[in-house]
Amino acid sequence: MGWAERMHALTFRFAVPGSMRTPDGWALEWRGCGVMGILNITPDSFSDGGQHRQLDAALAAARAMRDSGALMIDVGGESTRPGAVPVSAADELDRILPVIRALAAEGLLISVDTMKAEVAEAALRAGAHLINDVTALRDPAMRQVCADAGAPAALMHMQGEPRTMQQRPTYLDVVAEVGAFLQERASDVLAAGVPSVLLDPGLGFGKTLEHNLSLLRATADLSSLGHPLLVGASRKRMIDTLAGVPDAADRDPGSLALHLHAARQGAAAVRVHAVADHLQALRVQAAIDRVG
Ligand code: HH2
């Protein structure tokens, strides 16, 4: 079976848009590589910072992603770019809650990009369905929030912390270390009662260009760890390093190249800014690669 026919699933303990009832809860299933649309409600995100501060602008962007065929929308209220300044839980919630409430009322599938248990709990209560945590639920309170709500989590690998992570990333074997970390986190989180997980190698999070390329080349292995793999290369600095594109907003062609590679190697989803462009390219690539 080719990548475009491969089925992926996340399980929830509550009904979410597009899910089916199963004996243990609800399952969201999709075929091929889904697209998670990025919606940052921040002044300082490296690519779309400041664009969605008005509620109307945020909702219009999310609806356009949904209409293009996004699997889910990833709402974030705190930038994790290298050197980002942390924000309080109260400020993060002020930014994201109105957006989550409005999108949930419109039936969109919503993930929330946060590192804070307090934010995750309030976001799930406001109608979000999944938590995307770049610290992989290492905070026991985060695990508890997801387990209590019956919400899945995206677990991302990061070496160090956002403020300093790009200073001197070092690994003996980046693919083995990231793979082992993701497996260990998945076991821990599932044992705590979280219903299902996405795994994410965390491109650019405490990684040099060579580390990122090694991980991308190993997408097929990382996609075989027993959980759907999420890959996020959208507009990241590695594209500037590889192709000389200093302005993040101009990096969609490079993002597409990296994400098509990831999709063809079995990634279950890609986290992207340019949702319509990605769906167009994925559909064309799927047609070429379809077997039988
Ligand atoms: N990358 C960013 C943020 N969250 N989550 C996952 N699971 N994987 C990623 O690769 C990832 C992530 C950074 O990108 P962005 O949200 O565009 O920028 P910022 O952190 O500056 O808001």
Side-chain angles (χ1 to χ4, degrees), residues 10 34-53 58 61-62 65 71-87 91-92 95-96 99 110-116 119-120 128 130-138 142 146 152-163 165-166 178 181-182 185-186 189 197-207 211-212 215-216 219 222 227-240 247-252 254-255 258-259 262 267-275 278:
L10 280 174
V35 169
M36 175 190 265
I38 302 172
L39 187 68
N40 284 317
I41 320 295
T42 53
D44 60 338
S45 286
F46 78 94
S47 150
D48 60 349
Q51 279 176 23
H52 309 124
R53 295 205 77 188
M65 292 181 198
L71 179 66
M72 65 181 90
I73 311 294
D74 190 39
V75 180
E78 176 175 30
S79 173
T80 48
R81 73 189 155 76
V85 181
V87 299
D91 286 349
E92 204 177 326
R95 292 173 182 174
I96 63 172
V99 177
I110 306 160
S111 93
V112 174
D113 189 350
T114 186
M115 298 180 269
K116 300 189 192 78
V119 173
L130 182 146
I131 297 302
N132 172 25
D133 178 12
V134 298
T135 64
L137 268 56
R138 274 178 278 185
M142 261 302 220
C146 292
L155 308 176
M156 199 197 76
H157 176 275
M158 165 164 56
Q159 187 177 86
E161 44 142 341
R163 211 167 34 82
M165 65 191 177
Q166 288 307 98
V178 169
F181 170 87
L182 292 175
R185 294 305 313 130
V189 162
V197 293
L198 285 159
L199 303 181
D200 184 334
L203 299 175
F205 284 84
K207 283 146 196 124
H211 297 142
N212 290 328
L215 288 164
L216 279 160
T219 303
L222 297 170
H227 304 283
L229 190 77
L230 173 66
V231 172
S234 195
R235 300 184 183 169
K236 287 190 175 168
R237 194 180 306 160
M238 66 179 294
I239 297 164
D240 180 27
D247 188 343
D250 294 335
R251 296 179 193 156
D252 288 331
S255 310
L258 298 172
H259 288 146
V270 287
R271 182 180 177 276
V272 314
H273 298 88
V275 170
H278 274 80

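Here the structure is a predicted model, which means the values were calculated and not measured. Order of listing sets the numbers, starting from 1, for every ligand and every atom in it. Below, all heavy atoms of this structure are taken into account, side chains as well, without hydrogens, waters or symmetry copies.
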Does this structure show an ion pair linking R271 with D200, if we count only N-O contacts that are shorter than 4.0 Å?
no

Could you please spell out the steps behind the salt bridge (charged side-chain N to carboxylate O under 4.0 Å, His left out) verdict for D44 and R81?
CA-CA 9 Å; D44 60 338; R81 73 189 155 76; 3.5 Å; yes

Tell me which protein heavy atom sits closest to atom 10 (O) of ligand 1, plus the residue, atom name and distance to 0.1 Å.
K236 NZ, 2.6 Å

Counting from 1 in the order shown, the ligand 1 atoms closer than 4.0 Å to a non-hydrogen atom of D113 are 3 (C), 4 (N), 12 (C)

Distance filter under 4.0 Å to N40 heavy atoms, resulting ligand 1 atoms
15 (P), 16 (O), 17 (O), 18 (O), 22 (O)

Are any of the N or O atoms of G202 closer than 3.5 Å to those of ligand 1?
no

Distance to 0.1 Å, residue and atom name: give those for the protein heavy atom nearest to atom 13 (C) of ligand 1.
T80 OG1, 3.8 Å

Close approach of H273 to ligand 1, heavy atoms, under 4.0 angstrom:
yes

Nearest-neighbour protein heavy atom for atom 22 (O) of ligand 1, which is reported as residue plus atom name and distance:
S45 OG, 2.5 Å

Considering only heavy atoms of V134, which atoms of ligand 1 have at least one such atom less than 4.0 Å away?
4 (N), 5 (N), 12 (C)

Below the 3.5 angstrom mark, is there an N/O of E78, backbone or side chain, next to an N/O of ligand 1?
no

Among all protein non-hydrogen atoms, which one is nearest to atom 8 (N) of ligand 1, and what is the separation to 0.1 Å?
D200 OD2, 2.6 Å

Using 0.5 Å steps for rounding, measure from the CE atom of M238 to the CG atom of L216.
5.0 Å

Which of H157, M156, M158 passes side chain to side chain contact (heavy atoms under 4.5 Å, CB included) with V178? Answer is H157

So which protein heavy atom does atom 16 (O) of ligand 1 come closest to, and at what separation?
R271 NH2, 2.8 Å

Interfacing atoms of ligand 1 (cut-off 4.0 Å, heavy-atom, N132)
5 (N), 6 (C), 7 (N)

Top protein contact for atom 21 (O) of ligand 1, by heavy-atom distance
S79 OG, 2.6 Å

Quick note on ligand 1: atoms under 4.0 Å from a heavy atom of R81 include exactly 20 (O), 21 (O)

Has L230 got any heavy atom lying under 4.0 angstrom from an atom of ligand 1?
yes

